[in-house]
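In what follows, chains carry the letters A, B, and so on, assigned in the order in which the sequence lines appear, proteins first and then strands, with residues in each chain numbered from 1.
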Amino acid sequence: MSRENGSGEADGAGGGTPVPEQLALIRDSVRKAEVPRAKPRTWRGAALAKSLPVARVLVDKGVLHLDRYFDYAVPEELDEQAQPGVRVRVRFGAGARNVRGGRREGGGLIDGFLVERVAESDYSGPLAALAQVVSPEPVLDGELLGLARAVADRYAGSLADVLQLAVPPRHARAEARETGEVPPPPAAPDAGSWRRYGHGAEFLGALASGGSPRAVWTALPGPEWAEEIARAVQATLASGRGALVVVPAGRPAARVDAALTQLLGPGQHALLTADAGQERRYREWLSVRRGAVRAVVGTRAAMFAPVRNLGLVAVWDDGDASHSDDNAPFPHVREVLELRASRDKCGFLLGSWSCTVEAAQLVESGWAAPLVADREQVRGTAPLVRTVGDVDLARDEAARVARLPTLAWNVVREGLKHGPVLVQVPRRGYVPRLACERCREPARCRHCAGPLEARDGGGLWCGWCGVEEGAWHCGECGGFRLRAQVVGARRTAEELGRAFPAVPVRTSGREQVLDTVPGSPALVVSTPGAEPVAEGGYAAALLLDGWAMLGRPDLRAGEDALRRWIGASALVRAQGAGGTVVVVAEPTLRPVQALVRWDPVGHAVRELSERAELGFPPVSRMASVAGTPEALSAFLAGAELPGDAVVLGPVPVPDAGGAPGAARRGGGAPAGERWERVLVRVPPGSGAALAASLKAAQAARMARGAGEPVRIRVDPLDIG
DNA sequence: AGCACGCCGACT
DNA sequence: GTCGGCGTGCTC
């Protein structure tokens with residue numbers, strides 16, 4: 001039944017009046033048509049595009065078993081507009097099939113991307129025609145498609161889900177606007193403050209001459225980092241290539257934005273942040289796609305920005321949780337930029353005042369080179385860090401009366417003579433940690449050792465197993481009075497304000513984030529991450545959230561605490577200029593020691609080797625799978641995990657309806673439902689196989705129409 | 001998610 | 001025989 005040239009024939013079923021046997025024959029041949037045809041048939045035999053009449057379309061449905069292309073016929077009138085990369089609408093669904101007897105144009109219109117035009121389809125049935133080309137603007141080129149594909153594979157997600165993150169929603173007005181001319185490349189920059197780093201000038205030189213260096217950069221404390229990133233961008237532009245910078249939030253984006261404007265002048269770069277409206281977002285994105293702007297700074301969605309001829313990708317502060325996307329498949333900026341650097345053979349710069357374990361691994365594996373300053377430079381820019389631990393507190397009579405250690409009082413008093421003093425307090429919304437008032441041992445559940453929490457109506461219960469505690473007493477010292485550490489820190493900050501009535505108190509937190517404060521004496525109370533930059537630097541800082549940070553039962557608790565402390569301390573003047581930091585935390589703890597020595601890299605390297613020993617990520621790869629107990633066990637039964645995979649759990653998942661601060665992004669269960677979670681761990685090298693097997697299992701489940709979903713997250717942020 | 005197909009039991 | 005239950009599988 002070869003149909004080499006049977007083109008004019010519309011679908012046969014509608015034809016004359018065949019006898020029953022013929023009908024059966026036709027039906028049969030339609031059902032299991034064996035031969036791919038040279039030219040597509042459509043139901044109506046409408047006129048088709050003369051060349052490449054088949055459009056391969058990615059249907060925009062995030063369902064995994066639909067994670068493939070569908071072929072559609074290109075009608076002649078859409079031939080010109082139906083170019084690869086454009087948005088299209090197509091009919092999709094069972095109702096659209098050519099049903100015996102009559103044709104029905106059932107099936108809803110849904111959006112998709114035209115991925116390519118080809119001469120023939122390998123689909124054996126009749127093709128439906130493209131319904132509409134939404135816009136002739138090509139938004140999805142091969143590069144972005146390849147990246148999205150790689151990200152989907154890495155995170156066991158669907159291509160459509162990734163594209164939803166990567167391509168902003170269309171805005172017709174923004175599309176209609178003309179985009180400006182491509183600016184000429186700037187001159188190569190002076191190395192500036194990059195000279196403070198061992199191979200800093202060399203790194204810039206490599207970028208400027210078209211090279212693709214990869215570096216993990218441990219930035220010196222102080223505000224220069226933004227300008228240093230801008231110089232790296234300038235160097236890349238000077239080589240005739242584009243550059244992309246991703247930062248965790250709007251404020252750092254504004255800093256880099258300002259530095260770029262200063263260095264390159266206006267109009268040379270785009271700012272892509274989530275808080276811009278749809279029109280503005282799409283306009284900026286389009287100016288990048290169209291090649292009119294070659295440098296981009298933005299927050300995490302910008303990680304996919306379609307920068308032309310990419311020469312550098314950079315991420316600032318990769319330990320910030322905002323770099324992990326909230327939406328499936330939860331890609332992380334650092335990982336996506338790694339993929340881009342590898343795929344596009346471009347430069348890579350990961351910068352932070354602190355150092356994540358993952359960053360340390362990039363260096364240790366040899367994938368990236370360290371970009372660090374020597375100890376001399378560090379000592380010259382970092383503040384003096386002093387600790388107040390339990391022993392000091394116990395000995396300190398003043399601390400028990402005034403709730404604040406003598407050392408802290410003295411440092412604040414002295415600091416206020418010379419400038420603003422920063423007081424870092426834990427975020428509200430953290431489940432208040434309860435501890436023994438006498439010995440400060442955290443209050444733990446008798447049954448599962450989980451953290452005890454105070455109920456609104458009074459009384460205690462376990463945050464893990466939910467068991468009520470009626471008669472708590474301290475297992476260490478026998479004390480029976482509790483204190484809430486978060487509340488304690490906040491009250492301490494208030495008391496400080498009262499103790500220095502002549503000094504203004506400014507607050508920066510979730511509701512209202514201050515960007516900068518003047519260099520005059522003031523108490524600046526801030527939650528981690530919201531610290532304003534002080535003009536001329538803070539004279540001192542008091543870090544009060546030590547216990548709250550380190551008490552979390554999380555693999556990253558130490559790294560996170562150090563990162564937040566360093567984030568605050570980096571805003572304090574250098575030791576030589578009198579800058580002092582007091583951290584209220586046990587001086588024997590590793591993150592505290594790392595802060596005192598200002599050695600985030602050493603901390604990360606030690607954590608890394610420990611993780612390797614324990615088989616924890618990022619040395620192994622982990623994925624979490626969560627769902628109702630039934631859904632989860634069905635999923636695991638159907639999954640063909642790699643042979644070297646280890647399944648840990650299941651354990652109950654705390655539901656997301658609890659305290660807002662404790663709700664983990666993408667990790668909590670929907671309120672009201674009981675969920676469980678397993679962690680699946682594979683050794684290095686099996687990450688791709690793990691992702692593939694999870695994706696296959698998920699696809700099989702969805703195809704079966706299984707009701708209850710399971711949530712898959714590769715590289716979960718929190719590992720209890 | 002729809003929606004049609006098809007293979008079973010109860011009906012005019 | 002034929003109508004219609006819902007279980008299964010496909011959607012270009």
Exercise. Any chance you could lay out the salt bridge (Lys or Arg N to Asp or Glu O under 4.0 Å) test for A:Arg87 and A:Asp60, step after step, and finish with the verdict?
Key: CA-CA 10 Å; A:Arg87 302 180 207 253; A:Asp60 195 10; over 6 Å; no

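If you take CG of A:Leu114 and P of C:dC12, they are 16 Å apart, rounded to a whole angstrom. Computed from coordinates, the A:Phe92 CZ to B:dC3 C1' distance equals 12 Å when rounded to whole Å. Atom CD in A:Glu116 sits roughly 19 Å away from atom P in C:dC12 (whole-Å rounding). Rounded to whole Å, atom C1' of B:dC3 lies 14 Å from atom CD1 of A:Ile110. The separation between A:Arg89 atom CZ and C:dC12 atom C1' is 17 Å, rounded to whole Å. A straight line from OH of A:Tyr72 to C1' of C:dT11 spans 8 Å, rounded to a whole angstrom. Atom CZ of A:Arg701 is separated from atom P of B:dA1 by 12 Å (rounded to the nearest Å). Between the CG atom of A:Asp71 and the P atom of C:dT11 there is a distance of 12 Å, given to the nearest Å.
For A:Arg154, the salt bridge (Lys or Arg N to Asp or Glu O under 4.0 Å) partners two or more places apart in sequence, or in a different chain, are A:Glu335, A:Asp715.
Ring geometry for A:His332 versus A:His323: interplanar angle of 30 to 60°, hence tilted.
Look at A:Phe70 and the base of C:dC12; the rings do not stack under the cut-offs of 5.5 Å between centres and 30° between planes.
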Report all side-chain donor-acceptor pairs from residues 287-297 of chain A shorter than 3.5 Å, counting only partners two or more places apart or in another chain.
residue	atom	partner	partner atom	Å
A:Ser287	OG	A:Glu284	O	2.7
A:Arg289	NE	A:Pro138	O	3.0
A:Arg289	NH1	A:Asp141	OD2	3.3
A:Arg290	NE	A:Glu137	OE2	2.9
A:Arg290	NH1	A:Arg177	O	3.0
A:Arg290	NH1	A:Thr179	OG1	2.5
A:Arg290	NH2	A:Glu137	OE1	2.7
A:Arg290	NH2	A:Glu175	O	2.9
A:Arg294	NH2	A:Leu237	O	3.4
A:Arg294	NH2	A:Gly240	O	3.4
A:Arg294	NH2	A:Arg241	O	3.2

